[in-house]
Amino acid sequence: MFTVPAALSGMEREYIRDRTLEGHESARGKAIGGAVVTDDHMLSMALHLRGQDLSLRDIAARLVITSGAKKGRHPSAATVMRMLREHDQQTAI
């Protein structure tokens with residue numbers, strides 16, 4: 001009785017896997033992900049605010065995206081954290 005639904009879900013899983021692999025192959029050479037919303041000015045401002053011991057949420061609330069579709073909005077705390085982490089990794093080298 002459970003064999004038929006299990007077989008159908010296995011077939012569906014394989015179908016999704018194949019479609020995903022096809023999508024990755026067709027996107028070869030193209031950037032996958034969202035547009036970059038950070039710039040050097042935003043990084044320098046974030047570094048200045050981090051020096052004042054503000055939290056990531058407070059830093060994100062004070063920064064503003066200056067270009068693109070999200071112009072005028074605030075970056076997320078995760079974006080700020082990623083930007084600062086990348087900067088720290090580059091300066092450590």
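FYI, the numbering just counts along the sequence from 1.
Side-chain contact between Thr38 and Arg82: absent, with no pair of heavy atoms (C-beta onward) separated by less than 4.5 Å. The side-chain heavy atoms of Leu84 and Leu47, taken from C-beta on, include a pair separated by under 4.5 Å. Between Leu21 and Arg17, some side-chain heavy-atom pair lies under the 4.5 Å cut-off. Side-chain contact between Arg73 and Val64 is absent, with no heavy-atom pair separated by less than 4.5 Å.
When the side-chain hydrogen bond (donor to acceptor under 3.5 Å, both in side chains) test is applied to Glu22, no partner is found at least two apart in sequence or on another chain.
Residues Gly23 and Ser26 approach most closely at O-OG, 3.0 Å, considering heavy atoms. Heavy-atom minimum distance, Ile65 versus Met42: CA-CE, 3.8 Å.
Counting only distance, with no hydrogens or angles, the side chain of Thr79 and the backbone of Pro75 share no donor-acceptor pair below 3.5 Å.
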Would you mind writing out the side-chain donor-acceptor pairs for residues 55-62 within the sub-3.5 Å range, not counting sequence neighbours?
from, atom 1, to, atom 2, distance (Å)
Ser55, OG, Asp58, N, 3.2
Ser55, OG, Asp58, OD2, 3.2

Practice item. Let me see the working for Arg50 and Asp88 under side chain to side chain contact (heavy atoms under 4.5 Å, CB included), right down to the final yes or no. Key: CA-CA 12 Å; Arg50 182 173 70 172; Asp88 292 343; 2.9 Å; yes

**Study point:** Derivation of the side chain to side chain contact (heavy atoms under 4.5 Å, CB included) call for Met45 and Asp40
**Key:** CA-CA 9 Å; Met45 209 42 199; Asp40 292 335; over 6 Å; no

Practice item. Given side chain to side chain contact (heavy atoms under 4.5 Å, CB included), test Val37 with Lys71 step by step and report yes or no. Key: CA-CA 8 Å; Val37 297; Lys71 182 177 181 178; over 6 Å; no

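Using modelled atom types and a 3.5 Å distance limit, the side chains of Thr66 and Asp39 yield a donor-acceptor pair.
No option in Glu12, Arg19, Arg13, Glu14 other than Glu12 meets the side chain to side chain contact (heavy atoms under 4.5 Å, CB included) test with Ile16.
Taking CG of Leu54 as the start and NE2 of His48 as the end, the distance is 9.0 Å to the nearest 0.5 Å.
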